[in-house]
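If you're wondering where the values come from, they're calculated on a predicted model, not measured in any experiment. Lettering follows sequence order; numbering is per chain, from 1.
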Protein chains: 2
Amino acid sequence: MATMQDVARRAQVSLSTVSYALSGTRPVSDATRRRIEDAMADLGYQPNAMARGLASRRSNVLALIYPAMEKGLGGTVAEFVSSAADTARENGYHLVLWPFRTTQASEVRDLVRQGMADGVLLMEVALDDDRVDVLHEAGVPYTMIGRTRDVTDRPSVDIDFGRTTDDAVGHLVDLGHRHIALVNHSQATVEDGYAPTFRAEEGFDAAMRARGLEPLSLRVDESPEAGRTAVGRLLDAEPRLTALVTMNEIATFGVVAELQQRGIAIPGDMSILSIVTSPGVGAMSNPPLTTMHAPGAELGRLGVQKLLSLVDGSRPSTPNVLIPCALEPGSSVAPATHGDGRPDGGLPAR
Amino acid sequence: MATMQDVARRAQVSLSTVSYALSGTRPVSDATRRRIEDAMADLGYQPNAMARGLASRRSNVLALIYPAMEKGLGGTVAEFVSSAADTARENGYHLVLWPFRTTQASEVRDLVRQGMADGVLLMEVALDDDRVDVLHEAGVPYTMIGRTRDVTDRPSVDIDFGRTTDDAVGHLVDLGHRHIALVNHSQATVEDGYAPTFRAEEGFDAAMRARGLEPLSLRVDESPEAGRTAVGRLLDAEPRLTALVTMNEIATFGVVAELQQRGIAIPGDMSILSIVTSPGVGAMSNPPLTTMHAPGAELGRLGVQKLLSLVDGSRPSTPNVLIPCALEPGSSVAPATHGDGRPDGGLPAR
DNA sequence: GCGTTTCGACGAAGCGCTTCGACGGCGCTT
DNA sequence: AAGCGCCGTCGAAGCGCTTCGTCGAAACGC
């Protein structure tokens with residue numbers, strides 16, 4: 001493998017001049033630059049990443065601490081990872097995968113100290129997350145995807161659960177629905193401090209109350225069976241239910257199956273709006289679900305950009321961003337009826 | 001950040017002794033080793049990855065060239081990536097993501113020359129793939145997930161499509177089915193040189209012929225609509241069809257929807273066996289699909305292990321491995337009937 | 001015409017580690 | 001008692017690059 005020294009010899013210049021020509025840190029005359037470029041091309045020269053990293057104290061590597069991917073298929077996660085890797089690549093960085101859960105803060109610290117990564121992207125942040133503290137103390141640039149409980153002064157990008165749930169409820173209410181329930185993620189996720197479960201619940205409740213409606217929600221395990229059971233429990237609690245907001249992909253399929261088995265038509269008798277889901281998942285249902293897509297790719301891109309702005313202070317640091325999910329029409333949402341085919345009445349007085 | 005020199009000073013030994021204590025390359029007395037370990041613990045020392053890499057010419061990084069993830073949700077892919085990252089981590093390696101398609105062979109070569117990775121894992125290899133040639137010529141250790149057309153002397157791990165399709169057909173034939181069709185991936189994947197489409201078709205045809213049955217298969221676009229259309233075309237071609245082998249997740253959902261709409265019961269009138277699919281996808285259907293799960297996690301683990309055995313020649317190099325998909329019972333496969341509820345007859349003479 | 005900038009290029013000192021050759025002291029043999 | 005080998009340790013030479021200080025020569029001012 002050709003070294004910079006080889007290039008220098010061939011171009012009849014000193015090693016340092018080659019370095020300056022490559023980095024542009026100091027001016028190099030056009031004639032010299034051309035000779036150097038020719039030499040590099042002839043030799044197929046590529047700078048050695050390790051040497052560069054050692055000398056410059058910059059590895060050009062970003063680390064992505066990503067979730068265990070145990071629950072669910074991770075369509076959004078895959079989308080996110082892919083987009084983050086692309087964006088890193090476009091900016092001359094590598095993306096390395098660090099599979100660490102919330103409890104492995106010390107492993108994260110050790111790895112960070114090895115100087116392998118210039119910055120860290122942290123996915124699926126828990127409400128209280130030691131990994132974030134470790135990164136903060138270590139002084140490594142980092143960006144959270146998601147947010148801890150208290151997010152002041154901690155760089156992050158996240159889904160805007162408030163707006164997403166409000167948009168979802170608003171959409172259904174506009175169609176005349178008044179009795180709407182949320183099929184949320186499981187109690188287990190809550191105990192793990194999984195933030196989306198909290199934020200969706202809060203957002204849904206707020207959105208309902210803001211419209212003078214009574215929120216009803218259930219934490220449901222991530223399984224089709226749990227989804228089936230949930231249907232019964234929800235209908236017992238509120239028989240007048242005409243719409244469901246679901247943010248639990250696996251359970252949603254159980255919900256759909258159970259409704260169909262009970263002869264409750266989708267969307268005739270019951271509308272289903274699946275939120276924070278991944279592209280393609282809605283299409284797998286019959287009828288195809290109306291969904292609100294999680295902005296996985298966008299978060300990946302913005303997360304990396306934000307992180308890079310911290311890594312090389314040159315770029316201006318952007319404020320924290322929240323992105324709502326986007327409504328994608330399907331065939332599982334329709335105007336509300338009273339069960340007799342007549343559209344529901346107007347809004348109650350607020 | 002503490003350096004090895006700091007540790008040496010604190011432990012009252014020379015720099016090189018610390019290095020030997022850490023690597024075990026040369027013997028170090030117990031007393032000295034203890035002093036060094038104490039010093040490292042006191043200082044919270046972690047060896048610098050770049051310096052180590054430069055001096056040893058080993059980065060402890062493996063690169064994963066992964067597919068664009070455009071088509072489909074990539075459940076299997078996510079599983080694979082996750083398992084590969086875990087296995088790398090367990091062996092003290094980092095996994096970096098290199099998003100490059102088949103056409104970007106020169107980018108791959110440049111990156112390899114930068115010495116960032118000690119080895120390369122190549123996913124979704126096409127039947128003819130320049131990236132493989134580039135890696136071969138560069139002399140970098142690599143392992144393919146999947147296989148090029150000619151696989152002799154090229155390290156790889158892959159799904160055993162032959163056994164998977166044979167198991168699938170065998171399972172259905174054991175249940176009395178005689179008229180079985182394959183819903184394959186699209187013509188577009190064939191044109192991209194996507195190997196699984198070929199290998200599944202070959203395997204299915206062979207499995208059918210080996211049992212004296214006439215193979216019937218269709219290349220179907222990756223969309224529910226295409227799946228719906230396929231049903232009509234297949235039934236036109238062979239009205240006596242009682243079972244479908246599908247290896248196109250998205251299309252499968254269309255197939256199921258169309259069958260149900262036509263009043264063809266699953267599995268009463270038509271059995272569906274979804275092969276090379278990812279865990280959880282089957283559960284999303286109603287009834288839950290009987291599937292043959294792609295061994296994503298296993299391939300990830302074996303791929304990394306194989307690659308590592310090439311990277312540090314110490315481990316013995318294993319022969320190439322093919323792993324079949326495993327049958328996971330669901331509710332979409334049942335014994336064949338003649339449409340009148342009676343089981344089908346025995347096997348025809350071979 | 002000579003001092004003073006300015007520009008472009010050079011040499012050398014690291015970055016923090018691995019690894020090779022060497023060497024002192026110990027226990028053993030003869 | 002002298003010689004030998006071996007174990008544990010040390011010093012120094014890089015690995016391939018970045019970056020700082022410097023310096024010669026061309027360009028400029030008065």
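- Listed by residue number, the members of residues 34-42 of chain A with any heavy atom below 4.0 angstrom from DNA chain C form an empty set.
- Closest non-hydrogen pair, B/Ser156 versus B/Asn320, comes out as N-OD1, 3.0 Å.
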Donor-acceptor contacts, no H, no angles, side chain residues 131-148 of chain B, under 3.5 Å, sequence neighbours left out:
| unit_1 | atom_1 | unit_2 | atom_2 | d |
| --- | --- | --- | --- | --- |
| B/Arg131 | NE | B/Asp129 | OD1 | 2.9 |
| B/Arg131 | NE | B/Asp129 | OD2 | 3.4 |
| B/Arg131 | NH1 | B/Phe100 | O | 2.9 |
| B/Arg131 | NH2 | B/Asp129 | OD2 | 2.7 |
| B/Asp133 | OD1 | B/Arg154 | NH1 | 3.2 |
| B/His136 | ND1 | B/Tyr142 | OH | 2.7 |
| B/Arg147 | NE | B/Asp158 | OD2 | 2.8 |
| B/Arg147 | NH2 | B/Asp158 | OD2 | 3.2 |
| B/Thr148 | OG1 | B/Asp150 | O | 3.0 |

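- When rounded to the nearest whole Å, the span between CG of B/Asn48 and P of D/dC17 equals 17 Å.
- Atom pair B/Tyr20:OH and C/dT19:P shows a separation of 8 Å (rounding to whole Å applied).
- Atom CG in B/Leu43 sits about 14 Å away from atom P in C/dG16, given to the nearest Å.
- Side-chain N/O atoms of B/Ser19 include one lying less than 4.0 angstrom from OP1 or OP2 on C/dT18.
- The interatomic distance linking B/Gln12 (CD) with D/dG8 (C1') rounds to 17 Å, in whole Å.
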side-chain contact (heavy atoms from CB on, under 4.5 Å) between A/Asp312 and A/Arg58, intermediate numbers included: CA-CA 10 Å; A/Asp312 54 89; A/Arg58 309 276 263 64; 3.6 Å; yes
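- Annotation: the span from A/Arg35 atom CZ to A/Thr17 atom OG1 amounts to 9.5 Å, rounded to 0.5 Å.
- Within the 4.5 Å cutoff, the side chain of B/Val108 has no heavy atoms near those of the B/Asp130 side chain.
- Distance A/Arg58 CZ to D/dG16 P: 22 Å, rounded to the nearest Å.
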Distances under 3.5 Å only, N/O to N/O: pair up the protein atoms with those of nucleotides 22-27 of chain C.
| unit_1 | atom_1 | unit_2 | atom_2 | d |
| --- | --- | --- | --- | --- |
| C/dA22 | N6 | B/Arg26 | NH1 | 3.3 |

Table of protein N/O atoms under 3.5 Å from nucleotides 13-15 of chain C N/O atoms:
| unit_1 | atom_1 | unit_2 | atom_2 | d |
| --- | --- | --- | --- | --- |
| C/dC15 | O2 | A/Ala55 | N | 3.4 |

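- Between atom CD of residue A/Gln5 and atom OH of residue A/Tyr45 there is a gap of 10.5 Å, rounded to the nearest 0.5 Å.
- Per the geometry, CG belonging to B/Asp30 stands 15 Å off C1' belonging to D/dT9, to the nearest Å.
- For A/Thr17 and C/dC10, the shortest distance from a side-chain N or O to OP1 or OP2 is below 4.0 Å.
- Applying the salt bridge (Lys or Arg N to Asp or Glu O under 4.0 Å) definition to pairs two or more places apart or across chains, none involves residues 295-308 of chain B.
- In this entry the distance linking CG of A/Asp6 with C1' of D/dG16 reads 10 Å, nearest Å.
- Pairing each heavy atom of A/Leu95 with each of A/Ala88, the nearest pair is CB-CB, 4.4 Å.
- At C/dC17, one or more side-chain N or O atoms of B/Tyr45 fall inside 4.0 Å of OP1 or OP2 (strictly under the cut-off).
- Here A/Ser29 lies in heavy-atom contact (under 4.0 Å) with sugar-phosphate atoms only.
- Computed from coordinates, the A/Leu15 CG to D/dG21 P distance equals 19 Å when rounded to whole Å.
- The backbone N or O of A/Gly53 lies less than 3.5 Å from no partner atom in the side chain of A/Ser59, so there is not a single donor-acceptor pair.
- A distance-only check finds a donor-acceptor pair linking the side chain of B/Arg113 to the backbone of A/Gly44 [under 3.5 Å].
- For the atom pair CG of A/Leu22 and CE of A/Met40, the computed distance is 5.0 Å after rounding to the nearest 0.5 Å.
- If you check distances only, the side chain of B/Ser14 never reaches the base of D/dG11 with a donor-acceptor pair under 3.5 Å.
- The list of salt bridge (Lys or Arg N to Asp or Glu O under 4.0 Å) pairs with a residue in residues 2-28 of chain B, not counting sequence neighbours, reads B/Asp6-B/Arg9, B/Arg10-B/Asp42.
- Out of D/dG11, D/dT9, C/dG8, the shortest distance to the side chain of A/Pro27 is found at C/dG8.
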